[in-house]
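Encoded as structure tokens, the structure appears first; notes follow it.
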Amino acid sequence: MMFALIDCNNFYASCERVFRPDLIGKPIVVLSNNDGCIIARSNEAKDLGIPMGAPVYQFEKLIKENKISVFSANFSLYGDMSHRVMSLLAEYSPDMEIYSIDEAFLKLDGFDRINLQSYGLDMQRKITKWTGIPISVGIAPTMALAKMANRIAKKFPQKTQNVYLINTEEKRIKTLKWLPVADIWGIGRQHTKRLTALNVQTAFDFTQLSDAWIKKHLSILGLRLKRDLEGVPTLELEESKAKKNIATTRSFETNYTELDQLKERVTTFAVSCAEKLRKQSSCCNAVMVFIHTNGHRKKLPQYSKNIVIKLPFPTNSNIELANFAVTALEKIFKPGYFYKKAGVIAMDFTPQDQTQLNLFENRDLSHIPIMNAIDRINRKFGQQKVRLGSQDFGRVWKMRQERLSPCYTTDLADIITVKS
DNA sequence: TCTGGGGTCCTAGGACCC
DNA sequence: TCTGGGGTCCTAGGACCC
């Protein structure tokens, strides 16, 4: 039994390149919402020393000097490209877990007679050719080891052709000794600090620690990880489950001081959460709302508060969720502050078809067909065509997206023209 | 001037019950 | 002098992932 981890190389940057082949080999960065931080970099941009998550304004000079192409995040494009990659990958195994927008695990059960090296190479070539997105493939007896194999495939593209297979004990040990402890899947900053203090430098050193120590300091998760690194399959594919929380949160382009401005934002966030809830056929029983000022402006007075309210009945109606969220907002809003960010998080779900009618609450059941109609209209004519009256009709609010690429694959208006 | 967004799981400790 | 024991549920906080 083996696992494969397939990871798209510099995914967002690669998506931008698919329709801009002139940028192949040139540095690219992709920005977060509001064009704030750098959230993706091509290899060339990484080589120039641009760190992940850096505020873009700190690198303006470097960007200019090196003619780095800058893009606002285009999630419709990335989502669609991801879907294309995943559909192709699904043909390589009946057991797949889509781990993130650019990563998937395949379980290779019953592949004993298959040459996995060439199987991986076939995947690598086909996906890259058919979608334009370069990928790396790691194959190993456990999920954690497949993650490590993938790093090698990505780190040594010439040597490996972006495919690396761990199928012997020598290779496993060699890989463990090569990987710094900070780069182990599941070991973050805090654990790294603690481990390097004990002179645990590599993944191999980590596997030499006692079970008791690991359990005590890294919990049961650390212990499972150790087993997996030892080559004993312990982690397993997870089937895609309904989400347990659904959030919509945003920073604002400018500061807000008025309750009404925040009410509009919170309404829109709540509507977005309700839509996501309906997509997975859930209703929520609680909602959290938070607001805060800009933590980076240390000289301004700071205020940060969240509140969770339990709902009298489960809902996924735009109208009801927005009303509850606004009620919550009113409880935490304090005048006199410059607000920079707000969010709505739906929690505590029950399946839509199991929601019980509450005798003591006048729940308006007419919302169900109304929401169905809204969803159909918005699906057909584009997002947000139907909105609540309290939402942003005058485009008061906008996100800064100055460098947005066209939606080549999801918007007819943006489709490319080929001239011959 | 300018600093992202959306998730998961585990544990310890308190409240509460019998 | 001397003040039980065990279980469950919930929550906050901390860690991690992309």
Side-chain angles (χ1 to χ4, degrees), chain A residues 5-12 29-40 50-61 63 70-75 78-79 82 97-105 143-144 147 150 181-195 214-225 235 238-255 269 272-273 276-277 280 285-286 288 290 292-300 306-308 310 338 340-349 399-403:
Chain A
L5 174 68
I6 295 87
D7 189 328
C8 301
N9 303 345
N10 313 319
F11 182 56
Y12 296 167
V29 295
V30 178
L31 307 182
S32 62
N33 284 341
N34 272 320
D35 291 350
C37 290
I38 292 165
I39 56 166
I50 296 189
M52 176 67 173
V56 65
Y57 73 89
Q58 290 174 0
F59 290 85
E60 296 288 6
K61 194 164 164 247
I63 287 169
V70 180
F71 291 93
S72 303
N74 183 345
F75 289 111
Y78 310 152
S82 169
E97 176 188 346
I98 297 178
Y99 184 72
S100 74
I101 192 165
D102 71 335
E103 260 179 76
F105 283 100
M143 288 175 71
K147 265 275 194 190
N150 185 285
V181 74
D183 294 341
I184 303 175
W185 183 40
I187 303 292
R189 285 237 277 277
Q190 301 307 313
H191 291 338
T192 299
K193 232 190 256 171
R194 175 169 262 149
L195 289 163
I214 291 181
K215 171 89 197 297
K216 181 166 176 216
H217 294 102
L218 279 71
S219 86
I220 189 77
L221 299 172
L223 209 50
R224 285 188 204 139
L225 178 62
L235 306 174
E238 278 171 34
E239 43 204 289
S240 67
K241 287 174 290 199
K243 295 206 183 348
K244 296 176 175 173
N245 291 297
I246 284 177
T248 299
T249 70
R250 289 288 179 279
S251 319
F252 314 134
E253 192 186 3
T254 56
N255 294 323
F269 298 162
S272 156
C273 286
K276 295 178 196 172
L277 281 167
Q280 67 163 40
N285 290 279
M288 176 195 281
F290 72 81
H292 61 75
T293 50
N294 189 339
H296 298 284
R297 298 281 89 84
K298 304 255 192 278
K299 285 175 191 157
L300 290 178
N306 71 61
I307 183 174
V308 178
K310 294 214 183 275
F338 297 99
K340 182 63 177 171
K341 184 169 178 174
V344 174
I345 301 163
M347 306 186 303
D348 189 10
F349 298 168
M399 182 159 70
R400 202 165 72 173
Q401 281 189 308
E402 288 168 358
R403 326 261 203 147

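Reckoned from all heavy atoms, side chains included, excluding hydrogens, waters and symmetry mates. Proteins get letters first, then strands, A, B, ... in listed order; numbering begins at 1 in each. For clarity, every value in this text was computed on a predicted model and none was experimentally measured.
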Residue-phosphate contact under 4.0 Å: A:Asn34 side-chain N/O, B:dT3 OP1/OP2: no

Phosphate OP1/OP2 of B:dT3: any A:Lys341 side-chain N/O under 4.0 Å: no

B:dT1 OP1/OP2 closer than 4.0 Å to side-chain N/O of A:Arg400: no

Interatomic distance, A:Leu235 CG vs B:dC10 P [rounded to whole Å]: 12 Å

Exercise: do A:Lys276 and A:Thr248 side chains pair donor with acceptor under 3.5 Å: yes

Sugar-phosphate only, base, or nothing, as touched by A:Leu218 at under 4.0 Å among non-hydrogen atoms: nothing

Any A:Lys147 side-chain nitrogen or oxygen under 4.0 Å from OP1 or OP2 of C:dC17: no

B:dT1 phosphate, OP1 or OP2, under 4.0 Å from A:Arg297 side-chain N/O: no

Length of the CZ-P vector between A:Phe290 and B:dG5, whole Å: 8 Å

A:Lys147/A:Glu103 ion pair, N-O < 4.0 Å: yes

Ring center gap for A:Phe252 and A:Phe338 short of 6.0 angstrom: no

Between B:dC2 (P) and A:Arg403 (CZ): distance, integer Å: 17 Å

Nearest-nucleotide pick for A:Lys243, side chain only, options being B:dG7, C:dC18, B:dT3: B:dG7

Rounded distance [0.5 Å steps], CZ in A:Arg250 versus NZ in A:Lys341: 9.0 Å

Residue-phosphate contact under 4.0 Å: A:Lys340 side-chain N/O, B:dT3 OP1/OP2: yes

Residue whose closest nucleotide on DNA chain B lies nearer the 5' end, A:Lys276 versus A:Gly36: A:Gly36

Phosphate OP1/OP2 of B:dG6: any A:Arg250 side-chain N/O under 4.0 Å: yes

Spacing of A:Ile187 atom CD1 relative to B:dC9 atom P, expressed in whole Å: 18 Å

Minimum-distance nucleotide to A:Asn294 side chain [options: B:dT3, B:dC9, C:dC18]: B:dT3

Touch class at under 4.0 angstrom, heavy-atom based, for A:Arg194 against every strand present: nothing

Distance (rounded to the nearest 0.5 Å) between A:Asp183 CG and A:Thr192 OG1: 8.0 Å

Protein-nucleotide distance (A:Leu223, atom CG; B:dT11, atom C1'), rounded to Å: 15 Å

Residue A:Ser219, side-chain heavy atoms: nucleotide from C:dC18, B:dC9, B:dT11 that is nearest: B:dT11

Sugar-phosphate only, base, or nothing, as touched by A:Glu60 at under 4.0 Å among non-hydrogen atoms: nothing

Residue A:His191, side-chain heavy atoms: nucleotide from C:dT11, C:dA15, B:dC10 that is nearest: C:dA15

side-chain N/O A:Lys216 vs B:dA12 OP1/OP2, d < 4.0 Å: no

Distance below 4.0 Å between A:Ser251 side-chain N/O and B:dG5 OP1 or OP2: yes

Touch class at under 4.0 angstrom, heavy-atom based, for A:Leu225 against every strand present: nothing

Residues A:Asn34 and A:Ser251: side-chain donor-acceptor under 3.5 angstrom: no

Spacing of A:Asn285 atom CG relative to C:dC10 atom C1', expressed in whole Å: 15 Å

Sugar-phosphate, base or nothing in reach of A:Ile246, heavy atoms under 4.0 Å: sugar-phosphate

Non-hydrogen side-chain atoms of A:Gln280 and A:Ile246 separated by less than 4.5 Å: yes

Nearest listed nucleotide, side chain of A:Gln58, among B:dC10, C:dC18, B:dT3: B:dT3

base_contact_polar (B:dT3 base, A:Tyr57 side chain, donor-acceptor, <3.5 Å): yes

Per A:Thr249 side chain, nearest of listed nucleotides B:dC9, B:dT11, B:dG6: B:dG6

Proximity to the side chain of A:Thr248 - top-ranked nucleotide from B:dG6, B:dG7, B:dG4: B:dG6

A:Asp102/A:Tyr78 under side chain to side chain contact (heavy atoms under 4.5 Å, CB included): CA gap, chis, key distance, verdict: CA-CA 9 Å; A:Asp102 71 335; A:Tyr78 310 152; over 6 Å; no

Atom-to-atom span, CG of A:Asn9 to C1' of C:dC18 - whole angstrom: 15 Å

Per A:Ile220 side chain, nearest of listed nucleotides B:dT11, B:dG5, C:dC16: B:dT11

First of A:Leu221 and A:Pro55 reached from the 5' end of DNA chain B, by closest nucleotide: A:Pro55

Among B:dT3, B:dG4, B:dT11, the one nearest A:Asn33 by side-chain distance: B:dG4

Interatomic distance, A:Lys244 NZ vs C:dC10 P [rounded to whole Å]: 15 Å

Mate of C:dA12 where both pairing distances stay under 3.5 Å, Watson-Crick or G-U: B:dT11

Proximal nucleotide (of B:dC9, B:dT3, B:dT11) relative to the A:His296 side chain: B:dT3

Sugar-phosphate, base or nothing in reach of A:Asp102, heavy atoms under 4.0 Å: sugar-phosphate

